[in-house]
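Indexing begins at 1, ligand by ligand and atom by atom, following the structure's order.
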Amino acid sequence: MRATVVVIGAGHAGLAMSRCLTERSIDHVVLERGEVANSWKTERWDSLRLLTPSWQSRLPGYGYAGADPHGYRAMPETVAFLERYAEVISAPVQIHTAVTSVRRTEGGYAVVTHRGEWRSRVVVLASGACNIASVPAVADAVPPAVTTLTPMQYRNPGQLAQGGVLVVGASATGVQIAEEIQRSGRPVTLAVGEHIRMPRRYRGRDIQWWMDAAGILDQRYDEIDDLARARAVPSLQLAGYPDYRSLDLNSLTALGVKLIGRLAGARDGKAQFSGSLRNQVALSDLKMNRLLDTLDAWAAANGVADEVEPPQRFEPTRVEAAPPLWLDLNRGEIRTIVWATGYRPDYSWLDVPVLDRKGRIRHDGGVVDSPGMYLMGVQFMRRRKSALIDGAGDDARDLSAHIACFLGGQELDLPMASAQVA
Ligand SMILES: Cc1cc2nc3c(=O)[nH]c(=O)nc-3n(C[C@H](O)[C@H](O)[C@H](O)COP(=O)(O)OP(=O)(O)OC[C@H]3O[C@@H](n4cnc5c(N)ncnc54)[C@H](O)[C@@H]3O)c2cc1C
């Protein structure tokens, strides 16, 4: 089977690329191992809602048209939105077609699936940035009596034993799961490392509105100082609750969640925690306030200050003076551990030498270090918003222009920094 371009993955990133290729009349196929929006259908917990408001899911040729643009979609709505998008743009998706190998050929690539082989000149890797839950090595030292699970295995508190739960990681996933489990009556201890505190609403507007309007989400990968760092920052402490409430460490302690430092190791069944909790929360408060200062300055400079509520500042994060430095996992207090310690992509099927020693793709703004190979949907790929649904459109427009030039044998002057990694 042949196509000029093979796109791997029918999440929003693959679909946005499909739409842009269609606009350019470039023939292509989208290969998807599950169904459209597979990650949202099969890999998320039941209560998850998008943390971006509905208006902020603008895809090429498509957007939100419902009655609640400021609300946050639940998973069934997110899946329905992407399924409808695939229909509207007539995306040539082949579902239940898992790619098991991609290798170079003389004229491009051979893309092997369990339903046959495709040959193409161009391959777009839109297979997702969050295919595998990252679990720290310390997991091996957890006593067998403690059940451990990742956010991809977690669905709701009902699946957990009664008793204490240790949630490791306090970014978006960790704080949301910690809150839900605590509310179910299982006492939660939350291990807190580096995190980014963020109010849901600021001066009467959604924080995503501010970051969008002030151009922060549009910041380009070749304009910022420390790209490696920007690509590794944790997700914002946000949730998309229908009542627009913020979710931060103070709201969790008010519910009874115990905060503890970053999980540093485990020995003889004892989990050890860093003593840096106070510093971590102070740093996070400081960074949040710096961002709010930036937003205030932007509002003042752009004539917006009078349209919104006056500036606000939030209560500093409260932590115990000396939180415990270890927990005995043999004592039965902790029955379950949830590893909310991040996600990573899976490129185990990619037989093209484009991975660095940490397993990340070598690319320059999505142009992979192998002619005719492109990437989509990873953190800060071309812009700060690249991994968000709202970021796929601009990236797909840029990269489809690059693909068109590549196919036509022309050079395209896309702004590109020197080779970077995802
Ligand atoms: C818990 C969580 C919450 C998030 N919340 C938001 C949010 O509120 N707003 C927002 O904008 N973003 C959110 N994101 C981020 C963003 O949507 C994800 O990073 C998303 O995975 C990126 O979209 P994508 O299309 O690149 O990947 P995906 O949606 O993961 O799509 C990739 C597709 O590729 C398929 N695939 C993978 N490997 C293969 C293979 N070998 N062969 C064939 N098909 C394959 C997968 O089945 C999948 O359908 C969230 C992410 C997570 C993990």
Problem set entry | R382 NZ/CZ over Y221 ring centroid, <6.0 Å and within 45° of normal |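 So R382 doesn't make the cation-pi contact.
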Problem set entry | Residues lining ligand 1 [heavy-atom distance under 4.0 Å, listed by chain and residue number] |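 Lining ligand 1 at under 4.0 Å, by heavy atoms, one finds I8, G9, A10, G11, H12, A13, L31, E32, R33, N38, S39, W40, R44, W45, L50, L51, T52, T97, A98, V99, A126, S127, G128, C130, Y343, W349, G377, A387, L388, I389.
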Problem set entry | Test item: side-chain donor near acceptor, T52 and Q208, under 3.5 Å |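 Looking only at side-chain atoms, Q208 and T52 do not form any donor-acceptor pair under 3.5 Å.
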Problem set entry | Steps toward salt bridge (Lys or Arg N to Asp or Glu O under 4.0 Å) verdict (R119, E106) | CA-CA 10 Å; R119 293 288 172 121; E106 211 155 286; over 6 Å; no
For this session: Fit a plane to each ring of W298 and W210, take the angle between them on a 0 to 90° scale, and name the class: parallel (under 30°), tilted (30 to 60°) or perpendicular (over 60°).
Result: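 Taking W210 first and then W298, their aromatic rings stand perpendicular (interplane angle over 60°).
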For this session: Evaluate side chain to side chain donor-acceptor pair (under 3.5 Å) for D248 paired with S246, printing each intermediate quantity in order.
Result: CA-CA 6 Å; D248 59 19; S246 293; 5.7 Å; no
Exercise. Checking N131 side chain against P345 main chain: does a donor-acceptor pair fall under 3.5 Å?
Worked result: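 Absent.
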